[in-house]
Amino acid sequence: MFESNEIRADISTKSVLDTLDTVRELPLPPNFLWGAATAAYQVEGGAQQDGKGPSIWDEFSHREPSVTSGEDGDIACDHYNRLAEDIALLSSYGVDVYRFSICWSRLIPLGGRNDPINEKGIAFYNTLIDGLIAHGIKPAVTLYHWDLPLELHTRYGGMLNSADFQADFEHYARLCFSRFGDRVKQWITFNEPYIVALFGYHSGILAPGHSTKTGHDSTTEPWRVGHSLILAHAAAVQTYATDFLPSQKGNISIVLNSDFYEPYDATSEADKAAARRRLEFYVGWFGDPIYLGGDYPESMRQQLGSRLPQFTEAEQGLLKKTAPHNTFYGMNHYTSQYARARTTPPHEEDHTGNVEELTTNSKGVEIGPLSGVSWLRVTHKQFRKLLNWAWDRYQRPIYITENGCPCPGENSMALGQAVDDQFRVRYFGLYIDAISQAINEDGVEVAGYYAWSLMDNFEWAAGYSIRFGITHVDFATGTRTPKKSAAYLEETFGKRRAIPRNGNIANGIP
Ligand code: PNW
């Protein structure tokens with residue numbers, strides 16, 4: 001995905017649209033929630049404002065400008081200084097919910113449990129939360145979206161040190177619950193632990209940039225980091241359940257991202273097993289310990305042996321105790337692939353379950369049409385399958401905490417063309433149809449949908465060249481311009497939720 005971010009500007013919007021299915025505008029329950037999502041480092045800017053401490057991303061984007069195309073999040077969308085404008089923007093879109101992340105080093109500049117607190121950082125998020133609520137928008141807060149306080153990385157290796165990381169994250173989470181929990185009722189501990197572990201400590205594409213190439217041990221580090229994330233998550237859930245839930249009555253969980261995997265050869269038992277195993281290595285890695293209160297999937301234990309850490313008895317107890325308090329399943333989902341069983345033994349750096357990932361199957365059929373970025377194809381039918389998979393395995397109401405795409409060629413378009421984002425409108429429409437089918441035809445509980453993203457922003461290793469926003473941002477001036485997809489989302493959710501479940505279009509008359 002982030003390895004290859006080349007942009008496709010060659011194909012005209014019209015001919016690309018012809019390759020996409022037609023949207024059916026299928027119904028959703030009246031209480032279904034929709035909104036938009038962002039992450040602190042991708043939008044805030046204000047990198048050194050009001051006492052904020054540096055994060056690993058401040059350091060990484062300046063150390064490795066080649067990885068981020070010479071760009072950084074110093075200013076990003078300048079959301080930190082445009083808060084009122086952005087809340088008004090959200091309100092104008094008619095969203096029910098807004099998912100954002102808190103920058104840990106704004107609240108605790110050095111990050112640790114004995115380090116000072118920065119009240120100006122707390123004030124910023126109070127202003128945001130109060131502003132949302134004043135506009136009738138529910139805040140959903142991610143505690144960690146990849147911007148670890150740099151000091152914790154230098155002090156003890158961050159997530160490579162499970163005990164210290166768990167204690168510091170628990171302390172930071174407690175601070176957030178106590179200062180914001182009277183108004184925040186949906187908490188997410190970590191965004192995409194899979195990406196944190198593998199892109200931060202295996203490919204090195206994301207901060208802190210560890211990989212074998214940079215002299216680190218990618219055969220063990222990702223599994224240690226994953227272990228730390230699971231334990232820190234469980235500790236925060238335990239704290240919330242014990243000390244805050246009785247009075248605050250909110251929800252807490254984690255966000256797991258995944259593609260869905262189809263077998264490369266639909267008639268091959270080996271490929272079918274490979275597709276199942278790939279999802280266990282992707283989602284089961286975190287989902288099984290957290291939602292089932294159990295161990296890592298057996299397939300992972302088998303392949304990874306002693307490189308996969310063990311949970312002590314006390315840790316197993318914590319996982320069992322906290323599992324029921326994870327009251328929803330947060331799903332980030334963008335695309336899908338084919339899985340083909342490898343016939344040679346797994347490489348010791350393998351993290352897939354010894355599976356080859358492909359975009360074309362044994363019959364030469366592509367999984368779906370390409371979007372504006374090489375890792376993302378439109379695969380709405382597979383989205384429905386992933387919803388069923390997650391529901392069957394974990395039995396929690398699902399929130400789609402991220403979903404979206406860049407349009408082909410979008411970054412090289414003039415403003416007028418960029419805001420006419422029909423490819424994105426179609427993508428959203430098809431993926432929301434899939435949610436409707438999962439709910440109404442398959443019996444899956446899906447409770448809400450957060451489009452990624454509220455606005456074009458700093459797309460990590462791709463810098464500003466890949467645009468996921470429903471709002472166009474001119475990064476030279478900071479000017480925001482709504483795209484057609486923003487209006488489409490408001491309209492489609494309005495329409496779909498008004499349709500009675502028996503399927504007859506209302507027209508005011510049931
Ligand atoms: C998410 N994949 O990452 C992140 O949470 C966002 O911060 C990011 O901007 C957004 O997606 C768009 O890239 C991804 O498996 C994680 O294909 C996984 C995948 C894609 C994106």
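When a ligand or atom number is given, it counts from 1 through the structure's own listing order.
- Remark: Tyr488 pairs with no residue by the ring-ring contact (aromatic ring centres under 6.0 Å, His included) rule, at least two apart or across chains.
- The aromatic rings of Tyr394 and Tyr329 sit parallel, their planes meeting at an angle under 30°, below the 60° perpendicular limit.
- The residue from Phe458, Phe468, Trp375, Tyr334 that puts a heavy atom closest to atom 10 (C) of ligand 1 is Tyr334.
- A tilted orientation is assigned to the rings of Tyr431 and His333, their planes being inclined by 30° to 60°.
- Under the 4.0 angstrom criterion for non-hydrogen atoms, Trp460 is in contact with ligand 1.
- Taking every heavy atom of both residues into account, Phe190 and Thr142 meet most closely at C-CG2, 4.5 Å.
- Residue contacts with ligand 1 include Tyr282, since one or more of its heavy atoms lies under 4.0 Å from the ligand.
- Polar contact check, Asn457 against ligand 1: no nitrogen or oxygen pair lies under 3.5 Å apart.
- One finds the CG atom of Leu198 at 5.0 Å from the NE2 atom of His351 (value rounded to the nearest 0.5 Å).
- Ring planes of Phe169 and Phe165: parallel class, angle under 30° (limits at 30 and 60°).
- Residue His145 has at least one heavy-atom neighbour below 4.0 Å for each of these atoms of ligand 1: 4 (C), 5 (O), 6 (C), 7 (O).
- Short contacts between ligand 1 and Glu459, defined as distances under 4.0 Å to a heavy atom of the residue, involve ligand atoms 8 (C), 9 (O), 12 (C), 13 (O).
- Below 4.0 Å from some heavy atom of Asp259 lie the following atoms of ligand 1, by number and element: 2 (N), 15 (O), 17 (O).
- The residue Ile466 has no part lying near ligand 1, judged by heavy-atom distances below 4.0 Å.
- Proximity to Ile195 (heavy-atom distance under 4.0 Å) selects the following atoms of ligand 1: 16 (C), 18 (C).
- With a 4.0 Å cut-off on non-hydrogen atoms, Asn191 touches ligand 1 through its side chain and not its backbone.
- For the atom pair NE2 of His325 and OH of Tyr240, the computed distance is 11.5 Å after rounding to the nearest 0.5 Å.
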